[in-house]
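Computed from heavy atoms alone, side chains included, the values below leave out hydrogens, waters and symmetry copies.
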There are 2 protein chains.
Amino acid sequence: MGATKTDHFTDQQNNIAIIAKALGHPARIAIMEYLSKVDACICGDIVNELPLAQPTVSQHLKELKNAGLIKGNIEGNAICYCIDEKTLEQIKNYFTTISIKLEKKNKNCC
Amino acid sequence: MGATKTDHFTDQQNNIAIIAKALGHPARIAIMEYLSKVDACICGDIVNELPLAQPTVSQHLKELKNAGLIKGNIEGNAICYCIDEKTLEQIKNYFTTISIKLEKKNKNCC
DNA sequence: ATTTAATATTGCAATATTACGATAAAGATT
DNA sequence: AATCTTTATCGTAATATTGCAATATTAAAT
């Protein structure tokens, strides 16, 4: 074993899990924070910003990209990475929905 | 290697990553959804709800608990698990903050 | 005190992730 | 064209996660 049983869950559950998983590493959180505040989002700058080797950062960027959290634009021989707002909205709204559901229900235990 | 270099990131970055990581599995998303809508949150019900063996569910519950996303109350010889709203707020607000930062900045590339 | 029911822990095999050096690829510069 | 710069990929070692059978634990019920 060791492989996640994705086929037993809904598409939405899998999708949200994929996005959350991509955010489940401090380096990738640091990348998201960096991209949320910086103006020019050049890959090399991200590498310099992080305390990790270039191939490692490249791998983290790839994972964020696969989850749909960022997108990359070729800019000369550099690459400009930016947050994909749609996916960020999606995860944000998901937690808001869970939160609202929680507010509405009877809290008779914990 | 293989171990995450947590010491190179801020406490907040590590904390958010821990929460996101805990949510990075469809079974744990399914548990959170279940707990957000059900009234009596008994562990056995969660086990029945999920397509996984009891020890596996128990492990997922433990991970959600370690991340602070749920808390467990002993209720007779059963255990009642509930969402910890503080942590849910925390992750929700975090994404809202990132989102707001993104709105404010100049978007001159992607 | 035994038995039953509910949950946790242990042990282990399969798989996935993390990190990085070495190297490749692709565009810019000279 | 040769070189430099920037980013991606490959290969691989170390570690972590996933899943479950077997077993332990704890409290209720008989």
Problem set entry | D:dA8 phosphate, OP1 or OP2, under 4.0 Å from A:Tyr81 side-chain N/O | yes
Exercise. Can you tell me how far the CG atom of A:Leu23 sits from the CG atom of A:Leu69, to the nearest 0.5 Å?
Worked result: 5.0 Å
Exercise. How close or far is atom P of C:dT7 from atom CD1 of B:Ile42, stated in whole angstroms?
Worked result: 7 Å
For this session: Could you list the residues that satisfy side chain to side chain donor-acceptor pair (under 3.5 Å) with B:Asn15, not counting sequence neighbours?
Result: B:Gln90
For this session: With the side chain counted from C-beta on, respond yes when A:Phe95 and B:Thr96 share a heavy-atom pair under 4.5 Å apart, and no when they do not.
Result: no
For this session: Taking salt bridge (charged side-chain N to carboxylate O under 4.0 Å, His left out) as the test, write out the residues that go with A:Lys104, two or more places apart.
Result: none
Kindly list each side-chain donor-acceptor pair under 3.5 angstrom involving residues 76-86 of chain A, sequence neighbours excluded, with atom names and distances?
residue: A:Asp84; atom: OD1; partner: A:Lys86; partner atom: N; Å: 3.2
residue: A:Glu85; atom: OE2; partner: B:Lys107; partner atom: NZ; Å: 3.4

Exercise. Given atom CG of A:Asn73 and atom P of D:dA8, what is their separation to the nearest angstrom?
Worked result: 13 Å
Problem set entry | Between C:dA6 (C1') and B:Asp45 (CG): distance, integer Å | 11 Å
Problem set entry | Donor-acceptor contact present, side-chain B:Ser36 to main-chain A:Lys101, <3.5 Å | no
Exercise. In residues 51-62 of chain B, which ones come under 4.0 Å of DNA chain D, going by heavy atoms?
Worked result: B:Leu52, B:Ala53, B:Pro55, B:Thr56, B:Gln59, B:His60
Problem set entry | Which residues share a side chain to side chain donor-acceptor pair (under 3.5 Å) with B:Thr10, sequence neighbours left out | B:Gln13
Exercise. Among all residues two or more places apart in sequence or in another chain, which pass the side chain to side chain donor-acceptor pair (under 3.5 Å) test with B:Glu89?
Worked result: A:Ser99, B:Lys92
Problem set entry | Interatomic distance where CG belongs to A:Leu50 and P belongs to D:dT7 [whole Å] | 13 Å
Contacts table for residues 48-60 of chain A: side-chain donor-acceptor under 3.5 angstrom, sequence neighbours left out:
residue: A:Asn48; atom: ND2; partner: A:Gly44; partner atom: O; Å: 3.3
residue: A:His60; atom: ND1; partner: A:Arg28; partner atom: NH1; Å: 2.9

Exercise. Is the side chain of A:Lys105 donor-acceptor paired with the backbone N or O of B:Leu35 at a distance under 3.5 Å, no angle test?
Worked result: yes
Exercise. Which residues, if any, of residues 4-31 of chain A bring a heavy atom under 4.0 Å of DNA chain D?
Worked result: A:Thr4, A:Lys5
Problem set entry | Counterpart residues, salt bridge (charged side-chain N to carboxylate O under 4.0 Å, His left out), relative to B:Glu33 (two or more places apart) | none
For this session: Side-chain contact test, heavy atoms from C-beta onward, threshold under 4.5 Å: evaluate it for B:Ile29 versus A:Tyr94 and give yes or no.
Result: yes
Seminar exercise, completed: Here the residues of residues 63-71 of chain A within 4.0 Å heavy-atom distance, strictly under, of DNA chain D are none
For this session: Taking side-chain contact (heavy atoms from CB on, under 4.5 Å) as the test, write out the residues that go with B:Asn66, two or more places apart.
Result: B:Lys62
Quick test: give all pairs of protein nitrogen or oxygen and nucleotides 24-29 of chain C nitrogen or oxygen below 3.5 Å, distance rounded to 0.1 Å.
none

